[in-house]
Amino acid sequence: MWYVFSEEKINGQSERLLPSKKQKPQQRPRKEKPQQHTFSHPLLASSLKAHSGNVTCLDFSSNGKYLASCADDRTVRIWSTKDFLEREHRCLRANVELDHATLVSFSPDSRAFITWLANGETIRVFKMNKKDDGSVTFIAAPEDFPQRHKAAVINIGIAETGSRASLLSCGPTGNVRGAAARDGVRGVESPRRNQT
């Protein structure tokens with residue numbers, strides 16, 4: 001409730017009246033937006049803005065054409081590095097259904113990327129397909145690679161030799177675990193159950 005004060009002149013003098021109560025219309029509480037950090041530096045090329053949550057990991061593709069970013073807003077964004085000096089920055093979005101990625105890593109051939117899913121505690125592979133018009137789409141592998149650590153994973157990576165690929169993960173205890181993928185990362189059908 002808020003008050004409106006008014007003044008009334010009586011015999012040429014102002015006299016303060018008691019506040020009159022006025023009902024404030026019901027409003028929904030506003031969601032506070034986090035403050036944008038602005039800074040400048042001589043080496044700063046641009047700021048990339050698209051995630052609505054905290055960014056948890058970044059990875060450049062080996063060919064230098066793409067930057068992948070993942071955040072707790074349940075998206076992985078793929079940025080074209082050639083647009084970094086432009087005013088507008090477009091990105092492609094891969095949605096992570098019912099979970100969020102905390103780690104992302106490109107395959108050595110830059111045609112796929114893997115993510116570590118925080119709630120499901122699995123590795124998911126996304127294949128990047130280029131359409132005839134030059135645009136790129138993402139297709140998630142039909143099956144995720146299960147967790148092989150007793151604690152949270154702190155890093156992931158892909159090693160690819162010819163048609164054989166291994167997905168590696170590292171836990172906080174220093175253990176490195178691997179899973180072999182059939183036909184390389186690009187053609188992942190399902191994870192093999194043996195440990196390498």
Side-chain angles (χ1 to χ4, degrees), residues 27-41 43-108 110-131 133-149 151-158 167-172 179 181 185-186 188 191:
Q27 293 181 356
R28 287 196 274 165
R30 290 188 178 185
K31 189 177 182 181
E32 290 188 28
K33 293 182 182 178
Q35 286 188 342
Q36 297 282 333
H37 296 286
T38 56
F39 58 92
S40 62
H41 190 277
L43 299 178
L44 179 65
S46 63
S47 285
L48 306 175
K49 299 174 186 173
H51 286 291
S52 61
N54 296 323
V55 175
T56 57
C57 189
L58 300 169
D59 189 40
F60 280 99
S61 62
S62 61
N63 62 9
K65 292 182 179 181
Y66 303 108
L67 170 71
S69 61
C70 63
D72 58 12
D73 61 0
R74 297 181 5 186
T75 64
V76 176
R77 307 262 181 181
I78 306 297
W79 307 83
S80 174
T81 57
K82 68 180 180 181
D83 295 338
F84 281 2
L85 298 177
E86 302 294 326
R87 183 173 171 90
E88 294 293 321
H89 305 105
R90 293 185 314 210
C91 64
L92 301 171
R93 182 180 75 198
N95 293 327
V96 180
E97 299 298 326
L98 307 172
D99 207 338
H100 69 278
T102 56
L103 300 170
V104 63
S105 181
F106 269 104
S107 65
S110 304
R111 293 184 183 175
F113 60 90
I114 60 172
T115 59
W116 173 256
L117 304 182
N119 297 331
E121 297 181 338
T122 60
I123 293 175
R124 181 170 294 162
V125 178
F126 287 87
K127 181 180 172 185
M128 297 172 58
N129 290 328
K130 209 168 200 178
K131 293 182 178 178
D133 63 359
S135 63
V136 178
T137 61
F138 307 105
I139 298 172
E143 192 176 342
D144 293 337
F145 289 80
Q147 180 186 14
R148 296 175 184 258
H149 297 277
V153 167
I154 58 173
N155 207 350
I156 56 175
I158 304 172
L167 306 179
L168 305 170
S169 59
C170 175
V185 176
R186 290 185 312 263
V188 169

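Keep in mind the model is a prediction, meaning the values are calculated, not measured.
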Under the rule for side chain to side chain donor-acceptor pair (under 3.5 Å), what residues qualify as partners of [X], not counting sequence neighbours?
X      : answer
Asp83  : none
Ser61  : Asn63
Ser169 : His149

Problem set entry | From CA spacing to verdict: side-chain contact (heavy atoms from CB on, under 4.5 Å), Leu167, Val125 | CA-CA 10 Å; Leu167 306 179; Val125 178; 4.0 Å; yes
For this session: Evaluate side-chain contact (heavy atoms from CB on, under 4.5 Å) for Thr137 paired with Lys131, printing each intermediate quantity in order.
Result: CA-CA 7 Å; Thr137 61; Lys131 293 182 178 178; 3.1 Å; yes
Any idea which heavy atoms bring [X] and [Y] closest together, and the distance?
X      : Y      : result
Gly64  : Thr81  : O-OG1, 2.7 Å
Val76  : Ala101 : CG2-CB, 4.2 Å
Arg124 : Ala140 : CD-CB, 4.1 Å
Pro108 : Ile158 : CD-CG2, 3.8 Å

Could you give the distance from [atom1] ([X]) to [atom2] ([Y]), rounded to the nearest 0.5 Å?
X      : Y      : atom1 : atom2 : answer
Ser80  : Glu86  : OG    : CD    : 9.5 Å
Ser52  : Arg74  : OG    : CZ    : 10.0 Å
Asp144 : Trp116 : CG    : CH2   : 10.0 Å
Asn155 : Thr102 : CG    : OG1   : 10.0 Å
Thr122 : Leu117 : OG1   : CG    : 4.0 Å
Thr75  : His100 : OG1   : NE2   : 11.0 Å

Problem set entry | Qualifying residues under side-chain contact (heavy atoms from CB on, under 4.5 Å), relative to Ser105, sequence neighbours excluded | Asp59, Ile114, Ile156
Seminar exercise, completed: Ala50 meets the side-chain contact (heavy atoms from CB on, under 4.5 Å) criterion, sequence neighbours left out, with Arg77, Trp79, Cys91
Problem set entry | For Phe138, all residues meeting ring-ring contact (aromatic ring centres under 6.0 Å, His included), sequence neighbours excluded | Phe113
For this session: Could you tell me whether the side chain of Leu58 reaches within less than 4.5 Å of the side chain of Leu67, counting heavy atoms only?
Result: yes
Would you find a donor on one side and an acceptor on the other, under 3.5 Å apart, between the side chain of [X] and the backbone of [Y]?
X      : Y      : value
Thr115 : Leu103 : no
Ser110 : Tyr66  : no
Asn95  : Glu97  : no

For this session: Start with the C-alpha gap between Phe106 and Lys65, add the side-chain angles, then the distance that decides, and say whether side-chain contact (heavy atoms from CB on, under 4.5 Å) holds.
Result: CA-CA 11 Å; Phe106 269 104; Lys65 292 182 179 181; over 6 Å; no
